[in-house]
> 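Please read through the structure below; I'll follow up with questions.
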Amino acid sequence: MNNLLTIFLGLVLINNFILAKFLGLCPFFGVSKKLSNAVSMGAAVTLVMLIASIATGIIYNYILVPYNVQFMNIIIYILVIAALVQIVEIVIKRTNIMLYNALGIYLPLITTNCAVLGITLINAQNNYSLLQSIVSALGGGLGFTLMLVIMSAIREKNELADTPKSMKGLPIAFIIASLLSLAFMGFNGLL
Amino acid sequence: MWIPIIILTAIGIISGVLIWVTNRVLPPEPESLKKAEEISGELPGMNCGACGYPGCFAYGQALAKDKNVFFSNTCATLLQDQKMLTSLEKTLNLKIDRNAMNKKAVVACNGNSETIGTYLGVGSCKSANKILKGFKTCPYGCLGLGDCIKVCPQNAITIDIDKNVAVIDPQKCNGCGLCVKECPRKIIKLVPANAKIVFLCSYESIKDIPGREKCDFGCIRCRKCVKACESGAITWNKEKSIPEIDYSKCISCDKCIEVCPTKVLRKYPDFYLKPKEKSKMSQGRDICHGDV
């Protein structure tokens, strides 16, 4: 139990995907202009991370390890994640149109998101069991959502601030991200 | 060596079969969604939101359900493009009266109205309008901070620095009306695209005399235009105390423009197209810290 909590907190605060591992930076800057978009993107990423972690956890623990072919993990994970996102998209489209409209653009975007591949590879690297993989996926997704929400809230406020013209938009967002990263370094001593 | 190949192939085939199975097992897409996809293929795809729906696809869905939505929530961008309009007419089996719907937005302010003091707050008209009802003596004067510029999907709006007023390029404007809703002073008006004259003053009530006397560029209520008008297109609105133009009667004789002493009546769209005027315009709202 203690071990699971360590994994979870470690990925939410200390080894945060965006600020410490620099994964998923594209949606971090692309989708963080509006709070509502950030929340739905974060929820979608967390969902896909969870499903991908379960599937790849099963494949890793029951197929790759017994046959001693762990070096194949990247290519197999890409295949599995792409297929999974495809299936999730079909299921959502057929069963809940409203949800599909809300998530519409983000689901295909996630297929190519390195954060999703990142979490599965981290699971494989640390030889996590299935339960540990699920917890780490939840932690990673929550950390990603947290960063996206914080960033979008700051950027919404920042729209009203009197930013110099050359700094408007992305440049000031990069500076904000670096300051956030510095602030989150403070969590390093937590565990 | 064969084990990795077999595993990869097997996982690939299993994923393919899973996708195929989910595709088959689940109920097929609803009919309206297919039609909506077909319709949104005909739409501009700019997702500007001017029609009142969140994006072109949602508009397509609404059109698929009820095609009369096109009249209540018209896509203004589509109205500018004859080719797209014709193909949508075919898909939807609609008849669209083009001339009646085509509109252009005009900022009904001549500019240069006097300021009360220096405004150094947040650079948006909405914020400025909340402090002492704006920093202009005239309550209907353009503040020139450019809230309309931000919402314009066509980038048609610029600020004329000399006059400190927003100017809408009639060639770029597609009459979507987003700026009309955005303007906190409600001084942007929609006129028919084939209008020949525009009235660049927005007085709403006869009581606003103090503002009137201080603005040298507003309507002075001389009523010369009403007398000069041959076709009876211009009538006097007693409540607002400004002339009103009936565009369907206007024969574009330009007599009202000649007699107007403050040049509040302007020829449209020629007034906006002079090269000399154009060179003075500049994009953006830098003026809010300097000249105001």
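Predicted model only: the values in this text are computed from it and were never measured. Proteins come first, then strands; the chains are lettered A, B, ... in the order of their sequence lines, and each starts at number 1.
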> Mind checking ring pair (Phe, Tyr, Trp, His ring centres under 6.0 Å) for A:Phe29 and listing every partner two or more places apart, or none if nothing turns up?
A:Phe174
> Please look at A:Val69 and chain B and tell me whether the side chain, the backbone, both or neither of the residue comes under 4.5 angstrom of a heavy atom of that chain.
side chain
> Are more than 12 heavy atoms from other residues, nucleotides or ligands located less than 6.0 Å from atom CD1 of A:Ile75?
no
> Got more than 12 heavy atoms from elsewhere within 6.0 Å of NZ, B:Lys181?
yes
> Does a sphere of radius 6.0 Å around CD1 in B:Ile116 hold more than 12 heavy atoms from other residues, nucleotides or ligands, not counting ones at 6.0 Å or beyond?
yes
> CD of A:Glu89 to OG1 of B:Thr22: how many Å apart, nearest 0.5 Å?
11.5 Å
> At a heavy-atom separation under 4.5 Å, does A:Leu84 approach chain B through its side chain, its backbone, both, or neither?
neither
> Is it true that atom NZ of A:Lys33 has more than 12 heavy atoms of other residues, nucleotides or ligands lying nearer than 6.0 Å?
no
> Just list the side-chain donor-acceptor pairs under 3.5 Å for residues 136-145 of chain A, sequence neighbours left out, or say none.
{"unit_1": "A:Ser136", "atom_1": "OG", "unit_2": "A:Asn123", "atom_2": "OD1", "d": "2.6"}
{"unit_1": "A:Ser136", "atom_1": "OG", "unit_2": "A:Ser133", "atom_2": "O", "d": "3.0"}
{"unit_1": "A:Thr145", "atom_1": "OG1", "unit_2": "A:Gly42", "atom_2": "O", "d": "3.4"}
{"unit_1": "A:Thr145", "atom_1": "OG1", "unit_2": "A:Thr46", "atom_2": "OG1", "d": "3.3"}
{"unit_1": "A:Thr145", "atom_1": "OG1", "unit_2": "A:Gly141", "atom_2": "O", "d": "2.7"}

> Counting only heavy atoms closer than 4.5 Å, note whether B:Leu26 contacts chain A via side chain, backbone, both or neither.
both
> Listed by chain and number, what are the side-chain hydrogen bond (donor to acceptor under 3.5 Å, both in side chains) partners of B:Asn174, not counting sequence neighbours?
B:Thr77
> Can you establish whether the number of heavy atoms outside B:Lys186 located under 6.0 Å from its atom NZ is more than 12?
yes
> Give, for atom CD1 of A:Ile59 and atom CD1 of B:Ile7, the distance between the pair rounded to the nearest 0.5 Å.
10.0 Å
> Do any of residues 11-19 of chain B come closer than 4.5 Å to chain A, heavy atom to heavy atom, and if so which ones, in number order?
B:Ile11, B:Gly12, B:Ser15, B:Leu18, B:Ile19
